[in-house]
Each structure stands twice: as C-alpha cells, then as structure tokens.
Enquirer: 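Please see the structure below; I have some questions.
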Protein chains: 2
Amino acid sequence: MSKAKYVSLAVIRRLPKYYRYLGELMNSDVDRISSVELGKQIGFTSSQIRQDLSCFGEFGQQGYGYNVADLYHEINCILGLSKQYNVVIIGAGNIGQAVANYHGFNKMGYSIAALFDKNPKVVGINIKDIEIRDIDTLDEYLINNEAHIGVICVPSNNAQDVCDILIRNNIKAIWNFAPIDLSAPDDITIENVHLADSLFILTYLSNTKLIG
Amino acid sequence: MSKAKYVSLAVIRRLPKYYRYLGELMNSDVDRISSVELGKQIGFTSSQIRQDLSCFGEFGQQGYGYNVADLYHEINCILGLSKQYNVVIIGAGNIGQAVANYHGFNKMGYSIAALFDKNPKVVGINIKDIEIRDIDTLDEYLINNEAHIGVICVPSNNAQDVCDILIRNNIKAIWNFAPIDLSAPDDITIENVHLADSLFILTYLSNTKLIG
DNA sequence: TAGATTGTTAATCGATTAACAATC
DNA sequence: TAGATTGTTAATCGATTAACAATC
C-alpha cells in the first residue's frame, strides 16, 4: 500500500474481482501466478492486470510473476479489509435480514452491531442474536455507539431521512439498497445496490442478444 | 425503438437511471424537460443525455425538450419492460426471498413463477403464495413450464450446477447473486449482483476519502 | 418571429492495450 | 546463463464533452 497517485474508479471496481480470484487460487494451493495466466482466468488482458496493480505498488517479480498469498494479502490491505467495521442496518425487511445473515461479512471484519426497523411487529425479534431496535432510537444509538458503515434497507420514501440521521452522526460510508439516489456532502461515500436497475439491464441485454 | 447501431454497455447501464428519474418527474406532474434540466437533476451533462438517447431514436423536439411521459414510455420499451417475464428463483434463503418479496417486480411485468430450495425444512413453505419446491424438481419444472429469467441465489459451490440446469432448459437470462463468475455460452446473458464486491468498494472509497 | 433546444459532428479526455527495456 | 515476466512508456481505442447548424 502506497503510491500517492490518483486511482480511477474503473481500477477500484476491479479490485474485488482480483481479490476473489486470488482467494480461489489459494484454496487450490496455487503459489504463484503470472499476469498472463491470471488474465486468462479472470478474462482481462495481462496488460490491464499489471497496469491496475501498478497503481498500488510493485507486487510482482520479473521472470516469476506474483506470489498468490502475498498479492491476496496486499489487496486485502488496499481494500481496507484488515480493519474492523461496525455496521448498522436500517430496515429489517428481506434485504436487511439478508445482509445481516450473510455469513461472509462477519468473517471479513464487518460486525453487525445493530438492526433497526419501524414496524412494531418486528421490533424486539432477534436476527442472528441481534435484537431489532425501534428506528426511533437510531439517533440515540449512534450518539452512544461508534458505527462505521450504515446500510439503508428501508423503502425509498424513508431513505433520505435515514441517510440524514447517519450523516449527522458522523457515519461516512453508506451502503444504499433503496432505489433512489441519496444526497449527501462530498466527504460521504455512498455505494448503491440498485436491484431493479440490474434486472432491467439483464432484461435489455438478453432481449437484444437474441436479435443482434 | 429502432436504429440498428451498436450501443455501448456504458449507455445501457445508464438507461435504468433515466427511467427512474423520468418516473419521478411523472409523479411530480412534470410534463416536459430539457436535457440541461434533466442533466442537473441526474448529475450528467446535457450532452451525454442527448448522445445516449440518440442511440435509440429521436425523442425530443428542438426548442421544447422532451415530453416526460413519452420518453418514459420509450425507455420502458427499449429496456423491454413492456413484455411479461416468468421468473424462477433458485435458492429460497434470504436473498431469494428478498427477490421473491420485492413488490415492484410484479408490478413491472416480472412474475415469480416458481421458487426452489435444497433444504427439506423449507420445501413446501409458501412465500407470497408460491410454494418452495425441491431443487431436484427444477429440471422437470423447466421442461414443463416456460421461464424467461433464472435467479441464482444458492451458495457459490452450487451456483454453476444450477446455471447449467437453467441453460440446458433454454433460459437465456440469468441474474446471479452467488459470489462467483459463472461460465456460459455467448448467447446467455448473465448479470451479476456481487454484494461483497460492492461492500469492498464502499470500504475502499470511504477509507481513501478521509485521506485524499 | 426570436428564443430555446435538439441531434450530430468534431474535439477532448481517459482508459485499455501493446511493446519493450529492465531484471529476476 | 537463457527464459520468463515484470513495471512502465507509448499507441490505440472508446467514451465523454463541446460546439453548432437545424428547426420547433
């Protein structure tokens, strides 16, 4: 980790894919890999892989390639996965519960600290040993507990309100599942998961493939 | 809808966003909008909007702009949302259930035709009036029922097997939630929702914003 | 008509790919 | 050493933005 140079979003969006493939290679007991071979597996050019990695440092060795475990660890650090994050989920419907139940996240240093919902019928129920709290207590909770990531799983019409609460309690990272674009100051990072958009794109592409 | 010209994926991935904003404008009873005004709201340049739309036809009028309802309808047709799609969901865990329960999809012409799971404890249970079927009956189901879209919500290690079943039963559109890249022939469209990737990107971006 | 705004062509910008000297 | 493969510079490709004639 180093090299104080601007890294384009296109590169960053490929990092998780490198991380995933390197993890699979480790599971298959592969020790080393060249950019050509990794490119074949991922479906990128070897140039792109070397270009991408060079944004963050020099991780390879001429004539040898990359050490899989080392590179995996480097990308882990670049992504910031070596740290611990407290996550609060707002909205305990299907998507909120899906995120809360996703085993992988806990293993990777994301700890679900609290779950909130508006519906009195679910408040008090436990999901994965975490009690669902009343959404009206979100503000108070955040005043008393440090949280790093807020996950918005409420309907569109409540999403901006929830976002505002998170922001005023100093949360800088928001993972938004509501089908709306939230407004927030520049220092806040918002990553959207717009499921409907994704389904529409699938629909378009599958229809046009049949023709063209 | 027309213009037999190659449309880049970058353009296509913006279409759902146009569609969403136009829907909101309709709800606000806005009749017409210029590319400049729409650009301000979405956060694109007006050039980009005109350039994008021109891939599909001439939907505006000089000196006037675009009729909101007309353009909304045009994009609806371009995306293919005017048709009906039968959707099968494989994996009735949290994500599978979240997709099944998402109200919007039904309204938009996607009909959840069947749900499958491997776990005997959930087979037979109803989700939204749809019984969860045994995954061993998937092949047979698809032989007897037409399905257009398959949603893969099973763990990574089963995802390729499920994918293969869908493909051999002539499903051309696959919405994949498993954290793996599926292999499939060229005529199959796969749209991935890699939640972990998205969370990693959020993590990276929020960490670097604090510094840079 | 005069003003506004499109659709499109040309210019710019950025991202990807190719090539290769450096070197393990 | 000879072969392999990196990191980086240069060339290419594609996507975005700017400009403007056409025209409602």
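The sequence lines fix the lettering, A, B, ..., with proteins before strands; numbering per chain opens at 1.
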Enquirer: Pick the closest DNA chain C nucleotide for B/Q62 and for A/Y64 by heavy atoms, then say which residue is nearer the 5' end.
Expert: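 With B/Q62 and A/Y64 compared, the 5'-side residue is B/Q62.
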Enquirer: Please report the distance, rounded to the nearest Å, between CG in A/L38 and P in D/dT5.
Expert: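 Computing the A/L38:CG to D/dT5:P distance gives 13 Å.
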Enquirer: If you apply the rule ring pair (Phe, Tyr, Trp, His ring centres under 6.0 Å), what do you find for A/Y18 with A/Y72, and how did you get there?
Expert: CA-CA 8 Å; A/Y18 292 127; A/Y72 180 80; over 10 Å; no
Enquirer: On DNA chain C, does the nearest nucleotide to A/L9 precede the nearest nucleotide to A/G63 from the 5' side, or the other way round? Give the residue.
Expert: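 Of the two residues, A/L9 wins.
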Enquirer: Could you tell me whether the side chain of A/E191 and the main chain of A/W175 form a donor-acceptor pair under 3.5 Å?
Expert: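 Checking the backbone N and O of A/W175 against the side chain of A/E191, no donor-acceptor pair under 3.5 Å is found.
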Enquirer: OP1 or OP2 of D/dT6 versus the side-chain N and O atoms of A/S35: is any pair under 4.0 Å?
Expert: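 Indeed, a polar side-chain atom of A/S35 lies that close.
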Enquirer: May I have the distance from A/D52 (atom CG) to D/dT6 (atom P), rounded to whole angstrom?
Expert: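 It works out to 13 Å between those atoms.
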Enquirer: Looking at A/Y141, is its backbone amide N or carbonyl O close enough to the side chain of A/N145 to form a donor-acceptor pair, meaning the two atoms are under 3.5 Å apart?
Expert: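 Yes, A/N145 side chain to A/Y141 backbone: donor-acceptor pair under 3.5 Å.
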Enquirer: Test for a donor-acceptor pair under 3.5 Å between the base of C/dT9 and the side chain of B/Q51, counting only N and O atoms.
Expert: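 Yes, the side chain and the base share a sub-3.5 Å donor-acceptor pair.
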Enquirer: Calculate the interatomic distance between A/L53 atom CG and D/dT6 atom P; express it in whole Å.
Expert: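 Taking CG of A/L53 and P of D/dT6, I get 9 Å after rounding.
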Enquirer: Tell me the stems DNA chain D sits in, counting at least three consecutive Watson-Crick or G-U wobble pairs, each under 3.5 Å on both distances.
Expert: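 Stem list for DNA chain D: C:3-24 with D:3-24.
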Enquirer: How many Å lie between CD1 on A/I49 and C1' on D/dG7, as a whole number?
Expert: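 So the CD1-C1' distance, A/I49 to D/dG7, works out to 14 Å.
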Enquirer: Just the rounded figure in Å: distance from C1' of D/dT5 to CG of A/N67.
Expert: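 The answer, rounded to whole Å, is 15 Å.
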Enquirer: Take the protein atom CD of B/E37 and the nucleotide atom P of C/dA4, then report the distance between them rounded to whole Å.
Expert: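 The answer, rounded to whole Å, is 15 Å.
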Enquirer: B/S156 and B/I180: which non-hydrogen atoms are nearest, and at how many Å?
Expert: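 Minimum heavy-atom contact is O-CD1, 3.9 Å.
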Enquirer: Counting only heavy atoms and a strict 4.0 angstrom limit, can you tell me which residues of residues 16-26 of chain A come near DNA chain D?
Expert: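 Result for residues 16-26 of chain A: none.
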Enquirer: Decide whether a cation-pi geometry holds between B/R32 and B/Y64; the criteria are a distance under 6.0 Å from NZ or CZ to the six-membered ring centre and an angle within 45° of the ring axis.
Expert: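 The answer is yes; both the distance and angle limits are met.
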Enquirer: Just by distance, with hydrogens left out, do A/D181 and B/Y21 show a side-chain donor and acceptor under 3.5 Å apart?
Expert: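 There is such a pair (donor and acceptor under 3.5 Å, judged by atom type) between the side chains of A/D181 and B/Y21.
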Enquirer: Out of C/dT6, D/dT6, D/dT8, which nucleotide sits closest to the side chain of A/E58?
Expert: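 Of C/dT6, D/dT6, D/dT8, D/dT8 is nearest to the side chain of A/E58.
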Enquirer: Examine B/F59 together with B/Y66 and report whether their ring centres are nearer than 6.0 Å.
Expert: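 That pair fails the under 6.0 Å test.
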Enquirer: Just how far, in rounded Å, is P of D/dT5 from CD1 of A/I33?
Expert: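 The answer, rounded to whole Å, is 11 Å.
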Enquirer: Expected output is a numbered-order residue list: members of residues 40-48 of chain B with a heavy atom under 4.0 Å from any atom of DNA chain D. What is it?
Expert: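 Nucleic-acid contacts, sorted: B/T45, B/S47, B/Q48.
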Enquirer: Tell me the interatomic distance from A/Q61, atom CD, to D/dG3, atom C1', rounded to whole angstroms.
Expert: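 Rounded to the whole Å, the gap is 15 Å.
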Enquirer: Considering only side-chain heavy atoms of B/S34, which listed nucleotide, D/dT5, C/dT6, C/dT16, is closest?
Expert: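 Minimum distance to the B/S34 side chain belongs to C/dT6.
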Enquirer: Short question: side chain of A/N207, backbone of A/T203 - any donor-acceptor pair under 3.5 Å?
Expert: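 Present.
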Enquirer: Does a side-chain N or O from A/Y66 land closer than 4.0 Å to OP1 or OP2 of D/dG7, or not?
Expert: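 For D/dG7, OP1 or OP2 has a side-chain N or O of A/Y66 closer than 4.0 Å.
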Enquirer: Quick check on salt bridge (charged side-chain N to carboxylate O under 4.0 Å, His left out): which of B/K17, B/R20, B/R14 does A/D197 satisfy it with?
Expert: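 Testing each of B/K17, B/R20, B/R14 against A/D197, the sole residue satisfying salt bridge (charged side-chain N to carboxylate O under 4.0 Å, His left out) is B/R20.
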Enquirer: Is the number of heavy atoms from other residues, nucleotides or ligands within 6.0 Å of CG (B/N119) greater than 12?
Expert: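 Enclosed.
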Enquirer: Of the nucleotides C/dC20, D/dC20, D/dC24, which has the atom closest to the A/R50 side chain?
Expert: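 Looking only at side-chain atoms, A/R50 lies closest to C/dC20.
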Enquirer: Donor-acceptor check, side chain of A/Q97 to backbone of A/I127, threshold 3.5 angstrom: yes or no?
Expert: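 Not at all, since once roles are kept as given, no pair shorter than 3.5 Å links the two residues.
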Enquirer: Among the nucleotides C/dA19, C/dT16, C/dT8, which one has an atom lying closest to any side-chain atom of A/R14?
Expert: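 Out of C/dA19, C/dT16, C/dT8, the nucleotide with an atom closest to A/R14's side chain is C/dT16.
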Enquirer: Is it the case that more than 12 heavy atoms not belonging to B/K118 sit under 6.0 Å from its NZ atom?
Expert: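 12 or below, so no.
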